[in-house]
Amino acid sequence: MRKLLIMTLTAASMLSLSTTATAATTATPVKHPKLIANPLYEAGALPATTCEEPPVKRNDRKSARAYVDAVIACLESTWEQHLTGADLPFSKVKVRYVSKLPKTYCGTRETEKEDSTARYCGKTGELVFQLGKTWLDDPSDLWLFNTVSYMYGWHVMKLVGIADAYDAVPSSGKTETRELARRQSLQNECFSAAFLKSVWPLKGRTTKDWTYLLSMVEGDAPGEARWYGKKANVVAWYKRGFATGDPGSCNTWTAPSSKVA
């Protein structure tokens, strides 16, 4: 099973990986206005646009990079229209491809040993993709499309102030820190599905492709630290975003803890 191995490199994410404070029993309600009442939530559904998927050859990095570039172009077109139309800031993301992640990136030391991963650096507005066999052994499904869309969501969060607000919210221990991280990640899953809905149907795709993507989604495994949410909740936020096509439906910050567990 392919996993989306990413890290959004911000002060909060680095703190969340190293905190040793005593775990809290419940999370404090989030109150930051850029999280619970971001202007993005009032901007409406994403504009309906057309996006074409270039063919990707199995284990072929060149065609995979062309595919990622094409999806990024679709994302930029959609989100630029949406954000500028709502008088929200927009700037294009930088994209870089590497055969192997550097030992340090965006001020953080890399420890992942996987052949396929991606990173977003909020300080530079750059996406880095390491495209390897794990992601490219069978590129016929929506996995790579969804991965690119999910990664771009971190850039959107930076643009509209969600990322900086997340960094500014204090937490009192492991439980609260991880719940905040799950709220952010689940919101991004929902953003990704909302974008997919805005370009749906993709040429040559059917609802079977969407259903198969949902079957591939993974959450935190039993016994693991809970950074992303259990599978049922991840799927639920995907479904919400796809049903509405509206980032406003992705407000995880006001959702009860049970919905982001």
Quiz prompt | Trace of the side chain to side chain contact (heavy atoms under 4.5 Å, CB included) decision for Val128 with Gln130 | solution = CA-CA 7 Å; Val128 173; Gln130 179 181 321; 5.9 Å; no

Could you verify whether a donor N or O on one side chain and an acceptor N or O on the other, from [X] and [Y], lie under 3.5 Å apart?
X      : Y      : value
Asn233 : Tyr228 : no
Ser172 : Glu176 : yes
Asn146 : Tyr238 : yes
Thr147 : Tyr152 : no

Quiz item: Run the salt bridge (charged side-chain N to carboxylate O under 4.0 Å, His left out) check on Glu126 and Arg119 step by step: do they pass?
Solution: CA-CA 8 Å; Glu126 180 184 64; Arg119 297 286 187 273; over 6 Å; no

Practice problem: Kindly state each residue pair satisfying salt bridge (charged side-chain N to carboxylate O under 4.0 Å, His left out) with at least one member in residues 51-62, sequence neighbours excluded. | Solution: Glu53-Arg205, Arg58-Asp137

Between [X] and [Y], which heavy-atom pair has the shortest distance, and what is it?
X      : Y      : value
Leu186 : Val260 : CD1-CA, 3.6 Å
Asp209 : Gly204 : OD2-O, 4.3 Å
Ala86  : Ala43  : CB-CB, 3.7 Å
Gln184 : Ala163 : NE2-CA, 4.2 Å
Arg96  : Val98  : NH1-CG1, 3.7 Å
Leu46  : Ser198 : CB-CB, 3.8 Å

Side chain [X], main chain [Y], donor-acceptor under 3.5 Å:
X      : Y      : answer
Arg226 : Gly219 : no
Asn251 : Ala37  : no
Ser185 : Ala181 : no
Ser249 : Asp246 : yes
Ser77  : Ala73  : no
Thr211 : Lys208 : no
Ser149 : Phe145 : no
His82  : Leu40  : no

Do [X] and [Y] have side chains that get closer than 4.5 Å, going by heavy atoms?
X      : Y      : value
Lys231 : Glu218 : no
Cys121 : Tyr105 : yes
Thr104 : Glu110 : no
Asn188 : Met157 : yes
Leu83  : Pro89  : no
Leu202 : Thr50  : no
Asp141 : Leu213 : no
Arg178 : Leu180 : no

Quiz prompt | Over 12 non-hydrogen atoms of neighbours within 6.0 angstrom of NZ in Lys197 | solution =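 Result for NZ/Lys197: enclosed.
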
Quiz prompt | Over 12 non-hydrogen atoms of neighbours within 6.0 angstrom of NZ in Lys133 | solution =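 Counting neighbours around NZ of Lys133, 12 or fewer heavy atoms of other residues, nucleotides or ligands fall under 6.0 Å, so no.
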
Exercise. Going by the ring pair (Phe, Tyr, Trp, His ring centres under 6.0 Å) test, name the single residue among Trp210, Phe191, Phe195, Trp237 that passes it with Phe242.
Key: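 When ring pair (Phe, Tyr, Trp, His ring centres under 6.0 Å) is applied between Phe242 and each of Trp210, Phe191, Phe195, Trp237, only Trp210 qualifies.
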
Practice problem: For side chain to side chain contact (heavy atoms under 4.5 Å, CB included), just list the numbers for Thr252 and Lys259, CA-CA rounded to whole Å, side-chain angles, deciding distance to a tenth of an Å, and then say yes or no. | Solution: CA-CA 8 Å; Thr252 57; Lys259 300 297 183 183; over 6 Å; no

Reported [atom1]-to-[atom2] distance for the pair [X] and [Y], which is rounded to 0.5 angstrom:
X      : Y      : atom1 : atom2 : answer
Gln187 : Asn38  : CD    : CG    : 8.0 Å
Ile162 : Asp167 : CD1   : CG    : 12.5 Å
Ile72  : Arg65  : CD1   : CZ    : 14.0 Å
Leu35  : Thr254 : CG    : OG1   : 10.5 Å
Leu144 : Leu136 : CG    : CG    : 6.5 Å
Trp154 : Leu159 : CH2   : CG    : 14.0 Å

Quiz item: Who pairs with Trp79 by side chain to side chain donor-acceptor pair (under 3.5 Å), at least two apart in sequence or on another chain?
Solution: none

Self-check item: Residues Leu214, Lys239; criterion side chain to side chain contact (heavy atoms under 4.5 Å, CB included); working and verdict
Solution: CA-CA 9 Å; Leu214 290 180; Lys239 288 182 175 180; 3.9 Å; yes

Self-check item: Worked verdict on Asp220 versus Arg182 for side chain to side chain contact (heavy atoms under 4.5 Å, CB included)
Solution: CA-CA 10 Å; Asp220 296 318; Arg182 293 195 301 274; 4.1 Å; yes

